[in-house]
Trainee: 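One structure coming up, written as structure tokens, with questions to follow.
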Amino acid sequence: MNESYDMIVIGGGPAGYPAAIRAAQLGMKVLCIDGWVNHDGSYSFGGTCLNAGCIPSKALLESSELYHRAQHELAVHGIGVGEVGLDLKKMLDRKQAVSKANSGGVKLLFQANKVTGVFGTGKLLGQGKVGYKSHDGQEQTYSAKHIVVATGSEPVNLAKVAPFDGERIVDSWGALEFAEVPGRLGIIGAGVIGVELGSVWSRLGAKTVILEALPTFLPMVDQQVAKEGLRQLTKQGLDIRLGAKVMGAKSGKDGVTVEFEQGGKTATEVFDKLIVAVGRRPYTKDLGCEVAGVQLDERGFVKVDANYRTSAAGVYAVGDVIGGAMLAHKGIEEGVVLAEQLAGEKSEVNYRTVPAVIYTNPEIAWVGMSEEQAKAAGIEVKTGSSPFAANGRARAIESTAGLVKFISDAKTDRVLGVHMIGPYVSELIGEAVTAMEYGATTADIQLTMHAHPTLSETVHEAALAVDGHAIHSANKRKSGI
Ligand code: NAD
């Protein structure tokens with residue numbers, strides 16, 4: 001049988017499933033093929049984000065944070081809880097249940113929107129055809145007017161330096177499933193995954209060392225914010241070594257010995273577990289790109305134009321597999337926008353307002369340019385910042401670390417970027433994204449009333465500080481190139 005669809009989406013992660021749902025909402029007959037297999041052998045939609053990334057890691061970040069708070073912070077509130085225990089199996093089971101509930105939700109959304117979702121692998125056959133193979137070996141060929149590649153990415157394996165062995169040397173997925181808290185934990189890479197997973201296991205008791213090749217911590221974040229992040233994480237016990245390039249790792253009976261270079265010297269450390277978190281690469285294995293004429297760039301990303309068209313007619317690609325920010329919400333937007341464009345609507349992604357969040361404590365979030373990036377682009381900026389220490393709500397919730405910083409164009413007053421570190425900044429960044437989406441100036445935020453007492457007042461104060469008007473904090477501001 002050669003059943004035909006309006007759209008076939010290969011990959012049911014954060015880029016693929018929204019593309020499928022939006023296309024179905026717009027009247028298309030849609031098939032979504034997803035190949036995800038969980039470690040327990042079950043299948044689920046949602047890709048890395050729901051099954052092995054964003055969602056399970058946030059579940060563990062929450063659990064480990066509560067464990068840490070119960071031990072170290074409740075006493076300040078006058079709450080005595082006796083000895084705080086850890087049932088790691090229960091914590092991991094809860095994490096699994098959270099993931100399952102989310103990925104099960106995608107199945108329900110497919111049903112509600114009349115998307116046909118199937119588990120198995122999809123392969124591009126060219127000429128508008130897709131080969132489907134179910135996990136039990138049944139094969140089928142389908143055809144479609146539009147074929148969307150949304151196959152995502154996979155962790156980079158440092159095959160020559162520290163190859164994954166699934167036992168001692170693991171990727172970010174394996175690091176969500178340690179059966180016991182490692183005594184000594186090593187992490188290669190102080191990127192987003194490194195600091196988030198380092199926080200989880202360090203809070204649960206692992207002595208954690210993060211080895212980062214670059215000399216700068218979080219170079220993509222405004223350095224005033226990044227420096228505060230490094231200070232706070234170090235204070236919590238994370239041993240973050242910058243300028244430390246890992247040269248090799250060897251697993252043995254007593255641990256994994258890691259050799260690294262720092263400051264021109266070679267050193268070694270022995271860990272019980274080693275997480276390799278050095279980035280992700282596009283996943284196009286066995287996809288049939290060559291047969292279908294879908295070109296990849298030199299780094300393996302699927303090449304697309306501004307409308308997500310690949311080099312093969314009728315084949316499109318969205319999400320991690322096309323590169324750019326490897327973030328679930330960027331993939332979601334691309335999937336939705338592509339479906340709307342294919343249905344003849346005018347729709348586009350605004351890549352200037354892609355927010356980013358790191359779920360450490362304090363959280364780090366940003367949108368738009370850092371002061372360093374704006375200056376490097378030759379833009380004359382004015383900046384203002386305000387600390388959470390000057391915020392009443394932050395004091396009430398015992399979370400005063402961090403700050404909000406505005407980077408604005410000195411000539412037009414337009415907001416170029418907002419970078420923050422502090423309590424719930426993952427939620428506060430939404431205001432900055434909306435403001436920038438509407439092309440707001442700093443004055444627009446200054447003139448916007450913010451409820452009291454809320455953490456959002458620090459966003460207001462930082463905007464006021466840009467022009468020296470902050471009421472509740474010292475006006476920390478600068479201007480120039
Ligand atoms: P990353 O690119 O954020 O960080 C990898 C780090 O590893 C870099 O700082 C790099 O300098 C370092 N590194 C590379 N080789 C090294 C070596 N040999 N020795 C020491 N350091 C080395 O990658 P990641 O943390 O693996 O995350 C992958 C992707 O997933 C990113 O795009 C990230 O944005 C995304 N992600 C996002 C979230 C979130 O939104 N909260 C969470 C997890 C992952």
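In each ligand, atom 1 is the first atom listed, and ligand 1 is the first ligand listed. Nothing here was measured: the structure is a model prediction, and the numbers come from that model.
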Trainee: For ligand 1, which atoms sit closer than 4.0 Å to a heavy atom of Leu214?
Mentor: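 Atoms satisfying the 4.0 Å criterion: 11 (O).
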Trainee: Could you tell me the residue and atom name of the protein heavy atom closest to atom 21 (N) of ligand 1, and the distance to it rounded to 0.1 Å?
Mentor: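 In this structure, atom 21 (N) of ligand 1 has Ala213 N, 3.0 Å as its nearest protein heavy atom.
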Trainee: For salt bridge (charged side-chain N to carboxylate O under 4.0 Å, His left out), just list the numbers for Arg184 and Asp272, CA-CA rounded to whole Å, side-chain angles, deciding distance to a tenth of an Å, and then say yes or no.
Mentor: CA-CA 5 Å; Arg184 304 159 297 178; Asp272 298 304; 2.9 Å; yes
Trainee: Centres of the Phe119 and His135 rings: under 6.0 Å?
Mentor: no
Trainee: Ignoring hydrogens and angles, state whether a donor on the side chain of Thr353 or Glu437 is under 3.5 Å from an acceptor on the partner side chain.
Mentor: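 Short answer, yes.
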Trainee: When only distance counts, is Ile358 in polar contact with ligand 1, meaning an N/O pair under 3.5 Å?
Mentor: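 In fact, backbone or side chain, Ile358 has no N or O that close.
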Trainee: Would you please say whether a donor-acceptor pair under 3.5 Å links the side chains of Glu334 and Tyr351?
Mentor: yes
Trainee: Does any N or O atom in Leu158 lie less than 3.5 angstrom from one in ligand 1, N or O only?
Mentor: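 Such a contact does not occur with ligand 1.
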Trainee: Any luck finding a side-chain donor-acceptor pair between Asp320 and Ser153 under 3.5 Å?
Mentor: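 There is such a pair between these side chains.
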Trainee: Can you pull out the closest protein heavy atom to atom 10 (C) of ligand 1? Residue, atom name and distance to 0.1 Å, please.
Mentor: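 In this structure, atom 10 (C) of ligand 1 has Glu212 OE2, 3.5 Å as its nearest protein heavy atom.
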Trainee: Taking the non-hydrogen atoms of Ile188, is any one of them nearer than 4.0 angstrom to ligand 1?
Mentor: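 It does, in that a heavy atom of Ile188 comes within the 4.0 Å cut-off of ligand 1.
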Trainee: Of all the heavy atoms in Ala356, does at least one lie under 4.0 Å from an atom in ligand 1?
Mentor: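 No, Ala356 has no heavy atom closer than 4.0 Å to ligand 1.
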Trainee: To the nearest 0.1 Å, how far is atom 5 (C) of ligand 1 from its closest protein heavy atom, and which atom is that?
Mentor: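 Answer, as residue, atom name and distance: Ala277 O, 3.4 Å.
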Trainee: Going by the closest heavy atom to atom 24 (P) of ligand 1, which one wins out of Gly279, Pro355, Gly191, Ser172?
Mentor: Gly279
Trainee: Taking ring pair (Phe, Tyr, Trp, His ring centres under 6.0 Å) as the test, write out the residues that go with Phe164, two or more places apart.
Mentor: none
Trainee: Evaluate salt bridge (charged side-chain N to carboxylate O under 4.0 Å, His left out) for Arg414 paired with Asp409, printing each intermediate quantity in order.
Mentor: CA-CA 5 Å; Arg414 201 43 80 88; Asp409 190 307; over 6 Å; no
Trainee: According to side-chain hydrogen bond (donor to acceptor under 3.5 Å, both in side chains), does anything in residues 257-271 pair up with another residue at least two apart or in another chain? List the pairs.
Mentor: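 Those involving residues 257-271 are Arg241-Glu269.
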Trainee: Nearest protein heavy atom to atom 43 (C) of ligand 1, by residue and atom, and its distance?
Mentor: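 Ranked first by proximity to atom 43 (C) of ligand 1 is Ile193 CG1, 3.3 Å.
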Trainee: One pair to check against side chain to side chain donor-acceptor pair (under 3.5 Å): Glu457 and Asn391. What are the steps and the verdict?
Mentor: CA-CA 7 Å; Glu457 288 173 285; Asn391 180 298; 4.6 Å; no
Trainee: Are Glu154 and Lys285 close enough, and set up right, to give a salt bridge (charged side-chain N to carboxylate O under 4.0 Å, His left out), and what steps lead you there?
Mentor: CA-CA 10 Å; Glu154 62 177 351; Lys285 193 168 165 254; over 6 Å; no
Trainee: What atoms in ligand 1 come closer than 4.0 Å to a heavy atom of Met326?
Mentor: 32 (O), 34 (O), 35 (C)
Trainee: Do the side-chain N and O atoms of Asn38 and Ser44 include a donor-acceptor pair separated by under 3.5 angstrom?
Mentor: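 The answer is yes; a qualifying pair exists.
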Trainee: Mind checking whether Leu327 contacts ligand 1 via backbone (N, CA, C, O), side chain (CB onward), both or neither, at a 4.0 Å heavy-atom cut-off?
Mentor: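 Leu327 to ligand 1: side-chain contact only, backbone stays beyond 4.0 Å.
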Trainee: Among protein heavy atoms, which sits nearest to atom 38 (C) of ligand 1, and what does the distance come to when rounded to 0.1 Å?
Mentor: Val192 CG1, 3.3 Å
Trainee: Report, in ascending order of atom number, the atoms of ligand 1 lying under 4.0 Å from any heavy atom of Arg280.
Mentor: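 Once the distances to Arg280 are compared, the set is 28 (C), 29 (C), 30 (O).
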Trainee: Would you check the N or O atoms of Tyr359, main chain and side chain alike, for any that come under 3.5 Å of an N or O of ligand 1?
Mentor: no
Trainee: In plain terms, say whether Glu196 and Lys58 are close enough for a salt bridge, that is, a side-chain N and a carboxylate O under 4.0 Å apart.
Mentor: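 Yes, charged N to carboxylate O under 4.0 Å.
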Trainee: Can you report which non-hydrogen protein atom sits closest to atom 7 (O) of ligand 1, along with the distance?
Mentor: Gly189 CA, 3.2 Å
Trainee: Taking distance alone, with no angle check, do Lys245 and ligand 1 share an N/O pair under 3.5 Å?
Mentor: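 The answer is no, given that Lys245 and ligand 1 share no N or O pair closer than 3.5 Å.
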Trainee: Identify the closest protein heavy atom to atom 13 (N) of ligand 1: which residue and atom is it, and at what distance?
Mentor: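 Result for atom 13 (N) of ligand 1: Val278 CG1, 3.7 Å.
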Trainee: Check whether any N or O atom of Ala190, backbone or side chain, sits under 3.5 Å from an N or O atom of ligand 1, and answer yes or no.
Mentor: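 Not met; the criterion fails.
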Trainee: Looking only at protein heavy atoms, which one is nearest to atom 18 (N) of ligand 1, and what is the separation?
Mentor: Val246 O, 3.7 Å
Trainee: Kindly state whether the ring of Phe178 and the ring of Trp201 have centres lying under 6.0 angstrom apart.
Mentor: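 Between Trp201 and Phe178, which both carry aromatic rings, the centre distance is below 6.0 Å.
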Trainee: If we set the cut-off at 4.0 Å for heavy atoms, which region of Ala328 has an atom near ligand 1: side chain, backbone, both, or neither?
Mentor: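 Ala328 to ligand 1: no contact under 4.0 Å from either part.
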